[in-house]
Amino acid sequence: MIGFFLRIFAIARITLLEAMRQKVLNILVLFAVIAVSISVFQAQFSFEEQIKSLKDYSFGVMTVFGLFIALISTSYIIPSELENRTIYTILAKPVRRTEFLLGKYLGVVSLLALVTALMSVVFLITLFVQEQMIIADTTTQISKQQISQVDKDQLLDRAIKDIYSRTRTTQVYQSILLVYARLCIVASIAMLISTIASSAIFTVCTTFLIYVIGHMEGYAREVIMDPTERYGSFFKASQGVVSTLIPDMRQFVAIDEMSIGTEVSWVMTIGMLCYTVVYVVLAITMAATLFSEREL
């Protein structure tokens with residue numbers, strides 16, 4: 001059992017190091033960091049709108065660039081290994097195909113964790129800078145008012161607490177976790193598709209299509225499962241199968257809700273993280289089964 005995990009971690013470490021050497025991924029990470037860092041200049045309205053705009057923009061950038069990195073880093077793993085014939089050398093050793101696949105996926109999610117952490121640090125620094133700019137501007141505006149110093153101090157104290165309630169909140173960290181969870185789901189789909197596809201481009205396109213459909217799948221399920229609608233049991237059963245294969249990405253709209261200040265409980269966040277774990281386990285299990293039957 002120890003050897004099983006050691007082989008998986010060894011493959012994951014090599015996969016992570018190889019991904020970090022790829023120029024395309026490094027360029028994407030660089031652009032992502034730059035895009036997040038300039039988000040502080042995106043809004044010049046009231047402080048509520050500035051913070052909302054900064055969050056929306058930053059999480060959007062993190063999702064888009066993270067999506068590209070997840071697709072590229074995962075979709076090209078098996079095709080590149082086959083093209084370079086390195087997979088035959090690895091599998092010739094006491095390494096099972098399941099261990100190979102698990103190690104590769106673990107390497108990808110480790111890469112996504114590093115990228116998400118880097119973008120998150122830049123985002124938090126940018127958020128802090130925006131916060132201090134708003135506080136400085138608010139202080140200047142209050143100091144110009146024709147009221148007593150005591151009233152100014154009380155007004156400034158309330159304003160600062162209001163600003164902190166929007167910037168220094170756990171909702172920010174919940175959103176970051178959900179962004180990472182969404183990327184892990186995308187990577188698991190790409191890994192599953194790559195086990196049956198011979199082209200990395202096909203894997204990228206198919207995975208992206210499933211990602212888009214996943215945002216509409218929840219609405220379709222609500223309509224089909226509506227008791228007032230007359231759908232046959234077979235059709236509903238088919239929808240159930242589709243719902244299992246295609247992830248419900250609509251639930252991650254909670255990221256947008258938190259960006260505008262809507263309270264989302266940790267219970268709901270943990271529920272979405274548990275859903276992510278279950279889906280990833282199912283997807284990687286299917287991928288391992290298909291990969292074990294594939295002729296190389």
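Atoms considered below: every heavy atom in the structure, side chains included; atoms not considered: hydrogens, waters and symmetry mates. Every value quoted in this text rests on a predicted model; they were computed, and no experiment measured them.
For S143 (side chain) and T140 (main-chain N/O), a donor-acceptor pair under 3.5 Å exists by modelled atom type. Panel note: side chain S188, backbone I185; a donor-acceptor pair is recorded below 3.5 Å. Counting only distance, with no hydrogens or angles, the side chain of T74 and the backbone of L71 share no donor-acceptor pair below 3.5 Å. In this structure, Q251 contributes its side chain and M272 its backbone to no donor-acceptor pair below 3.5 Å. Side chain of Y275 to backbone of D248: a donor-acceptor contact under 3.5 angstrom is found.
In this view, M286 and L192, L245 satisfy the side-chain contact (heavy atoms from CB on, under 4.5 Å) rule, not counting sequence neighbours. Judged as a side chain to side chain donor-acceptor pair (under 3.5 Å), and not counting sequence neighbours, Q154 has no contacts. In this view, Y105 satisfies the ring-ring contact (aromatic ring centres under 6.0 Å, His included) rule with no residue, not counting sequence neighbours. Qualifying side-chain contact (heavy atoms from CB on, under 4.5 Å) partners for L124, counting only residues two or more places apart in sequence or in other chains: V172, Y173. Remark: K144 pairs with no residue by the salt bridge (charged side-chain N to carboxylate O under 4.0 Å, His left out) rule, at least two apart or across chains. Residues satisfying the side-chain contact (heavy atoms from CB on, under 4.5 Å) test with V122, not counting sequence neighbours, are V33, V36, S37, T126. By the side-chain contact (heavy atoms from CB on, under 4.5 Å) test, T116 pairs with M62, S120, I176, Y180, L183, sequence neighbours left out. Residues passing the salt bridge (charged side-chain N to carboxylate O under 4.0 Å, His left out) test with E99 are R7, R96, sequence neighbours excluded.
The shortest distance between side-chain heavy atoms of V280 and V109 does not fall below 4.5 Å. Looking at heavy atoms from C-beta onward, S194 lies out of side-chain contact with I77 at the 4.5 angstrom threshold. In this structure the side chain of Y164 reaches within 4.5 angstrom of the side chain of T167, judged on heavy atoms. In this structure the side chain of V121 reaches within 4.5 angstrom of the side chain of I125, judged on heavy atoms. Between I160 and T138, every side-chain heavy-atom pair lies at or beyond the 4.5 Å cut-off. A 4.5 Å side-chain heavy-atom check between V29 and L114 finds every atom pair outside the cut-off.
Apart from V277 itself, the hydrophobic cluster it occupies contains V281, where clustering links Ile, Leu, Val, Met, Phe, Trp and Tyr at side-chain heavy-atom distances under 4.5 Å.
Here the CG atom belonging to L177 is positioned 8.0 Å from the CD atom belonging to Q174, to the nearest 0.5 angstrom. Interatomic distance, CE of M191 versus CG of L290, reported as 13.0 Å (0.5 Å rounding). We find the CZ-OG1 distance between R97 and T289 to be 12.5 Å, quoted to the nearest 0.5 Å. Rounded to the nearest 0.5 angstrom, F128 CZ and M133 CE are separated by 12.5 Å. Taking CG of L155 as the reference point, atom CD1 of I142 lies at 4.0 Å (rounded to 0.5 Å). For the atom pair CG (D157) and CG (D162), the distance works out to 11.5 Å, reported to the nearest 0.5 Å.
Note: the hydrophobic cluster containing I27 also contains L112 (ILVMFWY, side chain heavy atoms under 4.5 Å, direct or indirect links). No single ILVMFWY cluster, assembled from side-chain heavy atoms under 4.5 Å apart, contains both L118 and L17. Hydrophobic clustering (side-chain heavy atoms under 4.5 Å, transitive across Ile, Leu, Val, Met, Phe, Trp, Tyr) groups V64 together with I69. A chain of hydrophobic side-chain contacts below 4.5 Å, direct or via other Ile, Leu, Val, Met, Phe, Trp or Tyr residues, connects L67 to I201.
Between L28 and F65, the shortest heavy-atom contact is O-CD2, 3.4 Å. In plain terms, the two heavy atoms of Y57 and A35 that are nearest each other are CE2-O, 3.0 Å. Closest heavy-atom contact between S292 and T98: OG-OG1, 4.0 Å. Taking every heavy atom of both residues into account, P247 and I210 meet most closely at CD-CG2, 4.0 Å. Looking at every heavy atom in both residues, V186 comes nearest to A70 through CG1-CB, 4.2 Å.
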Worked check of salt bridge (charged side-chain N to carboxylate O under 4.0 Å, His left out) between K52 and D56: CA-CA 6 Å; K52 175 183 176 299; D56 285 340; 3.0 Å; yes
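Residues in residues 199-211 take part in no side-chain hydrogen bond (donor to acceptor under 3.5 Å, both in side chains) pair, two or more places apart or across chains. Residue pairs meeting the salt bridge (charged side-chain N to carboxylate O under 4.0 Å, His left out) criterion with at least one member in residues 168-193, sequence neighbours excluded, are E131-R168.
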Cut-off 3.5 Å, no hydrogens considered: what does the side-chain donor-acceptor table look like for residues 8-16, sequence neighbours left out?
residue : atom : partner : partner atom : Å
T15     : OG1  : I11     : O            : 2.7
T15     : OG1  : K104    : NZ           : 3.4

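The aromatic rings of F100 and F291 lie parallel to each other, their planes meeting at an angle below 30°, with 60° marking the opposite boundary.
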